[in-house]
Amino acid sequence: MNGRGLIVAAVLLVLSGRQAECSDPRIITSSPDGPDGEILKCNLTDHSFQIAGHQWFKGHKIVHEDKDGSHITTYNITEVNVESSGQYTCKFLTVPDLIGVINVTVPPSVLAYKKTEHGNEGDTGVMTCKSNSYPFVEQWMWYRSSEDGSIQPLVNGTDERYYIKSTGNKTELRIHQLDIEKDQGEYICNGSNVLGTTGATVALRVRSRLAALWPFLGIVAEVIILVTIIFIYEKRRKPDEAPEDEDGGSAPLKSNAAANHETVRQRNSS
C-alpha cells in the first residue's frame with residue numbers, strides 16, 4: 001500500500017481444465033505511482049498462453065478492452081479518490097480466461113443525506129448518512145453533541161426511542177416521539193474501515209405541533225379582519241343614504257305641481 005492508501009490485493013487465478021498442463025501460471029499485479037496518475041498493471045508470467053486480448057472491469061462494469069496479445073496489460077486511473085476507489089479486475093482472454101484482482105482503497109468518505117433534518121414534535125425523526133468509498137464501511141457509530149461540547153454515544157434502544165439501522169455504506173438513525181426540548185440539536189455519524197474513520201454532522205430541528213397551524217390561523221385572522229371592516233363600512237354608510245322622499249328631495253316637485261294647477265284654475269275663472 002502506498003501513501004495514498006492504494007492496496008494491491010492477492011491475485012485470484014482461475015485455471016479450470018489446464019491445471020495438469022501448466023506449472024502454476026501467475027499474474028503479478030502492481031500499481032506504481034506515475035506522473036499522470038495511478039497505473040494498474042497485470043503481468044502474466046507464463047508465456048505459454050496464447051492471448052486474444054484483455055478486459056478491465058471495475059466491479060461488474062467493463063472500463064477497458066483490447067485485442068492485444070501482450071502478456072502485460074495496464075489501466076490508468078487519473079487519481080485515487082472516492083470516485084476511483086473500488087475493485088478492479090484484469091482478464092486475459094486465453095483458454096481458459098485468467099483473472100487478476102487489484103483493490104484501490106481509500107478511507108471512508110461519509111456524507112449526510114441532508115445537513116439539516118426537520119421533524120414535528122411527537123413524530124419520528126430520521127437522519128441518514130452514507131459513504132460511496134471502497135472498501136465499505138465496517139462499523140457505523142452515532143453520537144449526540146451536547147450544548148456543553150460533550151459527545152454522547154447512541155446505541156440501539158437508547159432511552160427506548162433511538163434506533164440505528166446500518167447496512168454496508170449506509171446508516172440510519174431514527175428517533176421516536178420527538179421532543180422539542182430533548183432531541184433538537186446536532187448529531188454525528190462516524191464510519192470506519194481498515195484505512196480510517198471519518199464523520200458528518202446532521203442538525204435536527206424539531207417543530208412544535210402548533211407550528212403547522214400558524215399559516216392556517218393567519219389566513220383565518222385575515223378573513224375575520226376583512227369581514228369586520230366590510231361590516232363596519234356598510235353599517236356607517238346606511239344612515240347617509242335615506243330615501244329622497246323622506247328628506248324633502250321630491251316634495252318640492254309635488255308643491256310646484258299643485259301651485260301650477262291652482263294658477264291655471266284662476267286664469268280660467270277670470
Step-by-step side chain to side chain contact (heavy atoms under 4.5 Å, CB included) determination, Arg161 to Asp183
CA-CA 10 Å; Arg161 294 190 304 117; Asp183 300 323; 2.8 Å; yes

Can you find a pair of side-chain heavy atoms, one from [X] and one from [Y], that are under 4.5 Å apart?
X      : Y      : answer
Ile225 : Thr228 : no
Val80  : Val104 : yes
Ile102 : Trp56  : yes
Tyr187 : Glu117 : no
Cys42  : Tyr88  : no
Asn169 : Lys130 : no

Quick test of your reading of the model: are Lys182 and Asp159 salt-bridged, counting only N-O distances below 4.0 Å?
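Result for this pair is no, no salt bridge flagged.
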
Calculate, to the nearest 0.5 Å, the distance between atoms [atom1] and [atom2] belonging to [X] and [Y] respectively.
X      : Y      : atom1 : atom2 : result
Tyr75  : Thr89  : OH    : OG1   : 12.5 Å
Lys115 : Glu186 : NZ    : CD    : 12.0 Å
Ile175 : Leu204 : CD1   : CG    : 5.5 Å
Lys170 : Phe136 : NZ    : CZ    : 14.0 Å
Leu98  : Phe49  : CG    : CZ    : 5.0 Å
Ser145 : Gln152 : OG    : CD    : 10.5 Å

Take atom [atom1] in [X]; do more than 12 heavy atoms of anything else shown fall under 6.0 Å from it?
X      : atom1 : result
Tyr163 : OH    : yes
His60  : NE2   : no
Lys58  : NZ    : yes

Does [X] reach the main-chain N or O of [Y] with its side chain, forming a donor-acceptor pair under 3.5 Å?
X      : Y      : answer
Arg174 : Thr124 : no
Ser133 : Ser109 : yes
Ser70  : Ile72  : yes
Thr171 : Cys129 : no
Gln184 : Val206 : yes

Donor on one side chain, acceptor on other, Asn103 and Thr105, under 3.5 Å
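Result is no, nothing qualifies.
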
Donor-acceptor contacts, no H, no angles, side chain residues 192-203, under 3.5 Å, sequence neighbours left out:
| unit_1 | atom_1 | unit_2 | atom_2 | d |
| --- | --- | --- | --- | --- |
| Ser192 | OG | Thr197 | OG1 | 2.7 |
| Asn193 | OD1 | Leu195 | N | 2.8 |
| Asn193 | OD1 | Gly196 | N | 3.3 |
| Asn193 | ND2 | Val106 | O | 3.3 |
| Asn193 | ND2 | Pro135 | O | 3.2 |
| Thr198 | OG1 | Pro108 | O | 2.7 |

When you group the ILVMFWY residues by side-chain heavy-atom contacts below 4.5 Å and let the links chain together, are Leu111 and Tyr143 in the same group?
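No, separate clusters.
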
For Leu173 and Tyr162, run side chain to side chain contact (heavy atoms under 4.5 Å, CB included): C-alpha distance rounded to whole Å, both residues' side-chain angles, the deciding distance at 0.1 Å, then the answer.
CA-CA 7 Å; Leu173 171 63; Tyr162 294 78; 4.3 Å; yes

Partners meeting ring-ring contact (aromatic ring centres under 6.0 Å, His included) with Phe92 (sequence neighbours left out):
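Phe92: ring-ring contact (aromatic ring centres under 6.0 Å, His included) contacts with His54.
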
Show your reasoning for whether side chain to side chain contact (heavy atoms under 4.5 Å, CB included) applies to Leu40 and Cys90.
CA-CA 9 Å; Leu40 309 182; Cys90 61; over 6 Å; no

Nearest heavy-atom neighbours spanning Ile51 and Thr94:
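So the minimum-distance heavy-atom pair works out to CG1-CG2, 3.7 Å.
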
Of all heavy-atom pairs between Glu121 and Ser208, which one has the smallest distance, and what is that distance?
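Between these two residues, the closest heavy atoms are OE1-CA, 4.0 Å.
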
With side chain to side chain contact (heavy atoms under 4.5 Å, CB included) as the test, would you mind laying out the steps for Ser131 and Trp140 before giving the verdict?
CA-CA 11 Å; Ser131 173; Trp140 287 101; 4.2 Å; yes

